[in-house]
Number of protein chains: 2
Amino acid sequence: MVQIRVEASRLFVEKGYDGTSMQDIADAVGLTKAGLYHFVDSKEELLFLIVDAGVGRMEREVLEPARAVKDPRERLATLIRLHVENISRVESDVGNPVTSVVENLVGLSDQKRAEVNARLRQVFELTRGALDELKAQGRLTEGVDTTVAAFSITGMVMWTNRWRRPGGRLSSAD
Amino acid sequence: MVQIRVEASRLFVEKGYDGTSMQDIADAVGLTKAGLYHFVDSKEELLFLIVDAGVGRMEREVLEPARAVKDPRERLATLIRLHVENISRVESDVGNPVTSVVENLVGLSDQKRAEVNARLRQVFELTRGALDELKAQGRLTEGVDTTVAAFSITGMVMWTNRWRRPGGRLSSAD
DNA sequence: TGCCCCGTCAAACGACCGTTCGGGAATCGT
DNA sequence: ACGATTCCCGAACGGTCGTTTGACGGGGCA
């Protein structure tokens, strides 16, 4: 069961949700399509399981620790560092979670897609919040729109799932 | 013919390449599927037409003008400004071109996908080149890896296709 | 031993997809 | 006036997809 999720996640990232057939997944875990349906109700449920786990992990290992940091400058740095680490981590138990989430929302129903998007937006909100605090304390360059800046930073981080590899990290991104 | 490209581009962006059927496109332009094939050879050709036009426009209206700027600091600012403008522009004659390109590469053959990716990479290369020059001139904060920084800036810009709207722009992104 | 659930399968189903074919109007050059 | 060309359609084709059905062997339990 867990192996199904792992392989499916890998395939979804590799070939996209639509580009992956139940046959592909069945082959990857050594079952028939029919056998696969003994463990999973539908293809969409499988995608949701994966996406849900990915977003959940992000909330647990990125958002939560970052929220606990008091100083806004430090909080922002922590958020960025943890988020990049989380994205870059290609673990044995599940493929890159954020990639699988962001890139395959198409397959979800409107309702679930909206829900996942709302949860993803927390990253942006936390970023903007920290920037707002910094601005209120006069610790930010004048004339910076915090909303635009927050979008920029979020985008910068999210985009890392397109090149991965190198170990050199920067937290000097303000 | 041009209307086909416009509607197809819009639909590809809205529902994804795989999620859009030839029937959908035919409906959008008031034709039958069969009638559609009078103007287009295949679905993939249609996607390539759109993607090719999008990348071409980016090369013409973003890369070329930016390359002409001598001072690296100014060149970088120009590149970012033009690129953001180009992405944000939702014109009557074609949907957001970069979005349609970046998000739907899945549908292309390996060969064409590689070609388009190579053309997209020019943005990154130009960014890194400008940063390298700045660094050589000692005009850049010490200890910054230009490759990572270039990826970050590119990502920041590319991500803008996820929120569009507001007019407030920043070129203070160094 | 008899029973039932679990994991697995081959086969089929209906839906939809991209694409093709043959033909019927309309339009145009001559 | 007329043949050719352009535009467009109804109908079908072959294929793939997600999903369902019915069944078979085997292991645990009564």
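Keep in mind that this is a model prediction, so the values were computed, not measured. Throughout, protein chains are lettered first and strands after them, A, B, ... in sequence-line order, and every chain is numbered starting at 1.
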Length of the line joining A/Met1:CE and C/dT8:C1', which is rounded to integer Å: 16 Å

Proximal nucleotide (of C/dG7, D/dT19, C/dT19) relative to the A/Tyr37 side chain: D/dT19

Side chain to side chain contact (heavy atoms under 4.5 Å, CB included) partners of B/Arg113, counting only residues at least two apart: B/Leu105, B/Leu108, B/Asp110, B/Asn117

A/His38 vs C/dT8: side-chain N/O to OP1/OP2 distance below 4.0 Å: no

Which residues share a side chain to side chain contact (heavy atoms under 4.5 Å, CB included) with B/Arg121, sequence neighbours left out: B/Ala118, B/Phe124, B/Glu125

Separation of atom NZ in B/Lys43 from atom P in C/dT19, rounded to whole Å: 8 Å

Salt bridge (charged side-chain N to carboxylate O under 4.0 Å, His left out): pairs with one or both residues in residues 33-47 of chain A, sequence neighbours excluded: none

Expected rows: protein N/O vs nucleotides 9-13 of chain D N/O, under 3.5 Å:
| from | atom 1 | to | atom 2 | distance (Å) |
| --- | --- | --- | --- | --- |
| D/dC9 | OP2 | B/Thr32 | N | 2.9 |
| D/dC9 | OP2 | B/Thr32 | OG1 | 2.7 |
| D/dC9 | O5' | B/Thr32 | OG1 | 2.8 |

A/Ile25 CD1 - D/dG18 C1' separation (whole Å): 11 Å

With B/Ala28 via side chain to side chain contact (heavy atoms under 4.5 Å, CB included) - residues at least two apart: B/Glu7, B/Arg10, B/Leu11

Interatomic distance where CG belongs to A/Leu46 and C1' belongs to D/dT19 [whole Å]: 14 Å

Gap separating the CZ atom of A/Phe151 from the CZ atom of A/Arg128, nearest 0.5 angstrom: 7.0 Å

Spacing between B/Ile4 atom CD1 and D/dC8 atom C1', to the nearest angstrom: 11 Å

Nearest-angstrom distance from the residue atom CE of B/Met22 to P of D/dG15: 19 Å

Whole angstrom value for the distance that separates P of D/dC17 from OH of A/Tyr17: 13 Å

Nearest-angstrom distance from the residue atom CD of A/Glu44 to C1' of D/dC17: 15 Å

Sequence neighbours excluded, every pair satisfying salt bridge (charged side-chain N to carboxylate O under 4.0 Å, His left out) that has a member inside residues 15-24 of chain A: A/Lys15-A/Asp24

